[in-house]
Amino acid sequence: MVRTSSARGDEFDLPGGPDAVLLLHGLTGSTFEVLPVAERLHAAGMRCLAPRMAGHAGGPEALGAVSYTEWIAQARRDLERLAGARRTFLVGCSMGALVACALAHDHPARADGLVLLAPALELQLQGRLGALLGRLGPLRRVVIPKAAGSDVRDPEMRAANPAFPGVPLGAVAELAKLARHVDAQLPGIAAPALVIAGGHDHTVTLGGARRLARRIGSGPAALRVLPESWHLVGIDVERERCAEAAARFLEALPVPGGRRRADRPAPARRRKAGATAPKAKGGAGRRRRR
């Protein structure tokens, strides 16, 4: 049922608890972009709510009339639907990552952790040009077709992705406004964050992801680059690694009144009968950085 609804880009809500996750998709995208991450978090026992972002229930022409403040306002209302959770996490893709940052800044008590997938803090050159044109009144409703489809390396996922076939220039201009708004808010965000970026992103820059990770108030945030992926890292060729990194990060965050998972003693590994303990290496030696 969830797979069917997500294939159409519809909202889905996977039950669980006591922790909950709000998953926000990107511009002209859908909940399909965050489904693999949601399924992994749901398997860890978390409730996962992935709504349609404001302006995405119709076509690209209608999206061109929506302001970035409406994206934030709608996401805030969706966040309220998770009231009562022990911990609330925010996962966002591209535009959704910026909206997640805005929510974490404005409602710090409702944001216990952030996973930011390919955050759209800095657009590639073609996006910056589109944002510039979108500021001109007569061009706001102009829709630029996605000739090559979604920015996804995996051809099967690109074909299956129910994203809009085009991008309204007005929406790109609003995305640029949102990026400036969030960039100013970053130092005031207290929620711990993980940033995951694609090594071959054609939509946003890796420099923008690094800037976000460096400037966020709880940071510097951990930055994970998936070398084979393009923009939509949540559904691309390394989607399992993306989902696993998100789950491990959120599961390791502190539980109210408890300890971090990383602080708990690791269970002793059993050795086969007759096996000897491994010999310690001599010398201090440097630890290999991971």
Side-chain angles (χ1 to χ4, degrees), residues 19 21-26 29 32-44 46 48 50 87-101 103-104 111-124 150-154 157 179 182-183 186-187 189-254 260-263 287-290:
D19 299 326
V21 189
L22 180 65
L23 299 104
L24 305 172
H25 64 76
F32 183 82
E33 299 171 355
V34 295
L35 179 60
V37 175
E39 290 181 326
R40 175 61 182 86
L41 298 178
H42 178 245
M46 303 179 194
C48 293
R87 294 183 296 175
T88 307
F89 303 126
L90 302 172
V91 175
C93 174
S94 192
M95 174 194 79
L98 298 185
V99 173
C101 286
L103 292 180
D112 295 291
L114 295 168
V115 176
L116 308 172
L117 311 178
L121 193 67
E122 181 180 79
L123 299 174
Q124 295 280 8
S150 301
D151 192 359
V152 183
R153 181 171 188 169
D154 186 318
M157 296 300 275
V182 169
D183 195 24
L186 285 174
I189 296 176
L194 168 66
V195 180
I196 303 178
H200 296 278
D201 195 318
H202 307 98
T203 303
V204 304
T205 70
L206 186 56
R210 290 195 177 106
R211 174 179 172 81
L212 190 155
R214 184 177 66 250
R215 279 176 45 79
I216 196 165
S218 59
L223 172 63
R224 178 86 175 268
V225 178
L226 300 179
E228 303 301 323
S229 298
W230 293 2
H231 180 54
L232 298 180
V233 291
I235 59 172
D236 215 337
V237 290
E238 296 162 292
R239 54 188 174 273
E240 291 182 4
R241 292 179 59 191
C242 177
E244 187 63 24
R248 287 180 176 271
F249 175 75
L250 295 180
E251 288 181 302
L253 294 178
R260 291 178 183 268
R261 173 172 290 196
D263 293 338
R287 292 183 178 178
R288 194 182 307 172
R289 295 185 65 185
R290 295 184 179 178

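Scope of the values below: all heavy atoms of this structure, side chains included, with no hydrogens, waters or symmetry mates. What you see is a predicted model, and the numbers here were worked out from it, not measured in a lab.
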K.L.:
Considering only heavy atoms from C-beta outward, does the side chain of L41 approach that of F89 to under 4.5 Å?
P.N.:
no

K.L.:
Applying ring-ring contact (aromatic ring centres under 6.0 Å, His included), can you list everything that pairs with H202, at least two apart in sequence or on another chain?
P.N.:
W230

K.L.:
For E33 and G26, indicate whether the former's side chain and the latter's backbone hold a donor-acceptor pair under 3.5 Å.
P.N.:
yes

K.L.:
Could you tell me whether the side chain of V204 reaches within less than 4.5 Å of the side chain of L121, counting heavy atoms only?
P.N.:
no

K.L.:
I'd like to check L232 versus M157 (side-chain heavy atoms, cut-off strictly below 4.5 Å). Are they in contact?
P.N.:
no

K.L.:
Please examine the side chains of V37 and V115, heavy atoms only from C-beta on, and report whether any two atoms are closer than 4.5 Å.
P.N.:
no

K.L.:
Going from CZ on R239 to CG on L35, what distance comes out if it is rounded to the nearest 0.5 angstrom?
P.N.:
10.5 Å

K.L.:
Is the shortest heavy-atom distance from the side chain of V195 to the side chain of L212 under 4.5 Å?
P.N.:
yes

K.L.:
For D201, does its backbone N or O pair with a side-chain atom of Q124 as donor and acceptor, under 3.5 Å?
P.N.:
yes

K.L.:
As a quick check of understanding, evaluate side-chain contact (heavy atoms from CB on, under 4.5 Å) for L117 and V91, giving each step before the final call.
P.N.:
CA-CA 8 Å; L117 311 178; V91 175; 4.3 Å; yes

K.L.:
Identify, with sequence neighbours excluded, every residue that meets salt bridge (charged side-chain N to carboxylate O under 4.0 Å, His left out) alongside E244.
P.N.:
R40, R248

K.L.:
NE2/H200 to CZ/R153 distance, rounded to the nearest 0.5 angstrom?
P.N.:
6.5 Å

K.L.:
If you compare all heavy atoms of V225 against all heavy atoms of G198, which two are closest, and at what distance to 0.1 Å?
P.N.:
CG1-C, 4.4 Å

K.L.:
Pairs of donor and acceptor atoms involving the side chains of residues 213-224, under 3.5 Å and at least two apart or interchain, shall be tabulated with distances.
P.N.:
| unit_1 | atom_1 | unit_2 | atom_2 | d |
| --- | --- | --- | --- | --- |
| R215 | NE | D183 | OD1 | 3.1 |
| R215 | NH2 | D183 | O | 2.5 |
| S218 | OG | A191 | O | 2.5 |

K.L.:
Partners of D19 by salt bridge (charged side-chain N to carboxylate O under 4.0 Å, His left out), sequence neighbours excluded?
P.N.:
R86, R87

K.L.:
Is a side-chain donor or acceptor of D236 paired with a backbone partner of S229 at a separation under 3.5 angstrom?
P.N.:
no

K.L.:
Only counting residues at least two apart or in another chain, list the ones meeting side chain to side chain donor-acceptor pair (under 3.5 Å) with T88.
P.N.:
none

K.L.:
Taking all heavy atoms of I196 and all of C242, pick out the closest pair and write down the distance.
P.N.:
CD1-O, 3.8 Å

K.L.:
Grab the two heavy atoms, one from L98 and one from A179, that are nearest each other, plus how far apart they are.
P.N.:
CD1-CA, 3.8 Å

K.L.:
On a heavy-atom basis, which atom in A118 and which in V233 lie closest, and how many Å separate them?
P.N.:
N-CG2, 4.4 Å

K.L.:
Shortest non-hydrogen contact from S94 to H231?
P.N.:
OG-NE2, 3.0 Å

K.L.:
Could I get the full list of salt bridge (charged side-chain N to carboxylate O under 4.0 Å, His left out) partners for E238, not counting sequence neighbours?
P.N.:
R241

K.L.:
Within this structure, what is the CG-CG distance for the pair L194 and L116, rounded to the nearest 0.5 Å?
P.N.:
7.5 Å

K.L.:
Heavy atoms, side chains only, cut-off 4.5 Å: are L90 and L24 in contact?
P.N.:
no

K.L.:
Of the non-hydrogen atoms in L186 and C101, which two are nearest, and what is the gap between them?
P.N.:
CD2-SG, 4.4 Å

